[in-house]
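In what follows, a structure is listed as structure tokens, so that the remarks can point back to it.
Atom set for the values below is all heavy atoms of this structure, side chains included, hydrogens, waters and symmetry mates excluded.
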Amino acid sequence: MPSHPEISYAGVSLPWKTEMKYLGFIFSKTNQNNINIKYLRTKARRKINALKSIAYKTYGPRTKDLISIANNSICNLFFYNCSTINKWSATHLHICDVIQTTALRTAMGLPIWTPNIILLKLAAQETLSRKIQRLATQFFLKHIAYGAHSPLYRNDGTSSVKLTNKDSSALEQILSAFNVDINHIIKFPITLDCLNIKCKIHTHSFLFQDKSLPKTTIESLFEDTIRTHFSNFFLIATDASKSQQITSIAGTSSTNSFAYRLQHLNTIFSAEAMALCQALDELPNDEDNLLLLTDSLSVLQAFANLSIKSNKIILRLAAKIATREKFHQNIVLLWTPGHAGIKWNEKVDNLARRVSESDLSIQWVTVEDIITQLKAHAENQTDAAYRGSKYYATLGDIPSIQTIAPWLKNRREDIIIARIISRMIVTPALLHRFGLNDNPLCSMCKCDNSIEHILLYCRKYSLIRQALCHRLHVYLDGTSTFKSFLSIICASQHAIRAFFSLLKFFDIC
């Protein structure tokens, strides 16, 4: 008898498969992780070989573009299934990091012995394994924000999918670090009625909305506009404020006002939109016509381009307006230039700025702001890891290649500056370090012929060094360090161009 019974469909026998691939991921009866890492590694190697064919051309694509290719074509192989890959073992995740560093070395033209920590700092990248784990956390955060529209939840709001201990722990750590309660994440509206609102938005419809006009003119034109077009509207003004310590919102009308402190995680964009939401909850009376004033042009532009992919706080604002429109209320959003002498703006701005730590707070936060903070935290981790390494004492705060790319002319210069910054440019001392040269000493000075010695100390290049110092308006004597030298040449376009104009006389490339 056959080991597996044959299955037929419409008279055709279906072959038995021990594994299947679905959405780029292989499912198997055996160890799926091993099979998937082998498949992804093979695919990544093919892409790295293709990258090499264009990266080794001296005047080919620029390094910044090759780094983008490495991220978007090679590293992204691991991003689509990040919520699954983040559960792999440390050994498998280490393989992911090796693939990333191999691709980045190829893109930047750096030798294999370049330390990974310098490589990631120059490329302004976080380690691939850490990025996979961050993207997995972002994946679950987004589904939390989708609420009833996510398969993580049933229609009654209860959980339909239980996260693994690893995912649940990572999510709790992130939310705890940002002091966010999972129940205070702003969720997608339950219904899609908010996408069909009839609310009018005026950003450049009236003369007073020209901020280049004098303040007195703007104020006068605003009053005329209100009398002419909105005399039968109930006016509500909102504003937000964000300092280093406090994020706050405020709203005011002719009869009432409010001011609250927000989660500091919220951006000023989210705060401005939240102020409009809060105003609709607290300030309207029984009037049918509401005129909402805000000085946030970005919020109104986002609201004018409303879609299912809009920021969750914009969708919440749309949902609140849609609810009021069902009761035949006419709502108009009007942009008013900030700090232009309009009394409504000045009043609500003062209310928002006077909010202190002791005032009432609103804990709502958008998932988009949490993700923004996660990305910023990842960048800080890369910088912190480099600053804590032994290389920081020698190299100092080195710039990323993307930062100085506009000052360089071609791929050859990209490679040279990356190798000089990382101290990986070919010199006798470096070759001797890896057993590729028998004599590491300078023939004139009788000391290690390293990049520091050639650029800063060697007597053979003293005249060239003087010419460079003259162009840079600096003085480099025998006590200068390589770290200070890098900070000088990477400080401006003028310094880099002066350095490259004389670099050919140093006999190092």
Side-chain angles (χ1 to χ4, degrees), residues 21 23-26 35-82 85 92-132 135 382 398-427 430-431 434-437 451 496 500 503-504 508-509:
K21 186 167 69 172
L23 296 177
F25 214 67
I26 299 173
I35 292 175
N36 280 297
I37 191 62
K38 288 178 181 178
Y39 167 73
L40 291 175
R41 181 166 55 183
T42 301
K43 198 170 183 179
R45 281 175 175 171
R46 287 199 299 266
K47 290 179 177 288
I48 290 173
N49 289 333
L51 185 66
K52 287 179 181 179
S53 66
I54 59 174
Y56 287 150
K57 295 180 180 179
T58 307
Y59 291 92
R62 299 295 303 276
T63 295
K64 61 183 180 63
D65 299 322
L66 293 173
I67 291 175
S68 297
I69 292 173
N71 283 329
N72 299 328
S73 179
I74 300 171
C75 294
N76 77 338
L77 293 172
F78 302 88
F79 296 160
Y80 187 81
N81 289 298
C82 59
I85 293 176
H92 289 150
L93 290 175
H94 177 69
I95 293 173
C96 299
D97 291 339
V98 172
I99 291 171
Q100 178 196 31
T101 53
T102 303
L104 288 179
R105 282 191 179 90
T106 302
M108 300 178 69
L110 291 172
I112 193 172
W113 49 72
T114 306
N116 289 345
I117 199 164
I118 296 178
L119 186 73
L120 293 170
K121 174 65 176 174
L122 278 172
Q125 303 291 315
E126 58 185 307
T127 59
L128 184 55
S129 58
R130 191 183 300 148
K131 187 170 184 178
I132 289 169
L135 291 176
T382 300
I398 58 178
S400 67
I401 292 299
Q402 289 91 330
T403 302
I404 59 177
W407 303 342
L408 304 173
K409 291 183 177 180
N410 49 50
R411 168 72 172 162
R412 178 176 176 273
E413 290 190 355
D414 290 344
I415 294 174
I416 290 173
I417 199 67
R419 291 188 175 189
I420 288 177
I421 290 175
S422 61
R423 297 173 69 225
M424 290 295 135
I425 197 162
V426 176
T427 61
L430 183 68
L431 293 175
F434 297 102
L436 300 175
N437 192 336
I451 185 62
I496 280 190
F500 270 104
L503 186 61
K504 58 186 176 182
I508 56 175
C509 57

**Study point:** Distance, nearest 0.5 Å, that separates CD1 of Ile401 from CG of Leu408
**Key:** 7.0 Å
**Study point:** Closest non-hydrogen atom pair between Arg419 and Pro111, with its separation
**Key:** NE-CD, 4.2 Å
Revision key, fill the gap. Here the gap from Ile95 atom CD1 to Leu128 atom CG, rounded to the nearest 0.5 Å, amounts to 12.0 Å
Exercise for review: For residues Leu66 and Ile54, report the shortest heavy-atom separation together with the two atoms involved.
Suggested key: CD2-CD1, 3.9 Å
Check your understanding: Hey, does Cys96 have a side-chain heavy atom less than 4.5 Å from the side chain of Ile37?
Key -> yes
Practice item. Heavy atoms only: give me the nearest Leu110-Ser422 pair and the separation to one decimal. Key: CD2-OG, 3.7 Å
Exercise for review: May I have all residue pairs that pass side chain to side chain donor-acceptor pair (under 3.5 Å) and include part of residues 110-125, sequence neighbours excluded?
Suggested key: Asn71-Gln125, Arg105-Asn116, Lys121-Asp383
Check your understanding: Is there a side-chain contact between Ile99 and Leu77, using heavy atoms and a 4.5 Å cut-off?
Key -> no
Practice item. Quick one: list whatever passes side chain to side chain contact (heavy atoms under 4.5 Å, CB included) with Lys64, sequence neighbours left out. Key: Arg62, Gln402, Ala405
Review point. Will you find, in the side chains of Asp97 and Ser129, an N or O donor that is under 3.5 Å from an N or O acceptor?
Key: yes
Practice item. Look at atom CG of Leu436 and say whether more than 12 heavy atoms of other residues, nucleotides or ligands are closer to it than 6.0 Å. Key: yes
Check your understanding: Shortest non-hydrogen contact from Ala70 to Leu51?
Key -> CB-CD2, 4.4 Å
Exercise for review: Determine the minimum heavy-atom distance between Ser73 and Lys47, stating which atoms define it.
Suggested key: O-CD, 2.9 Å
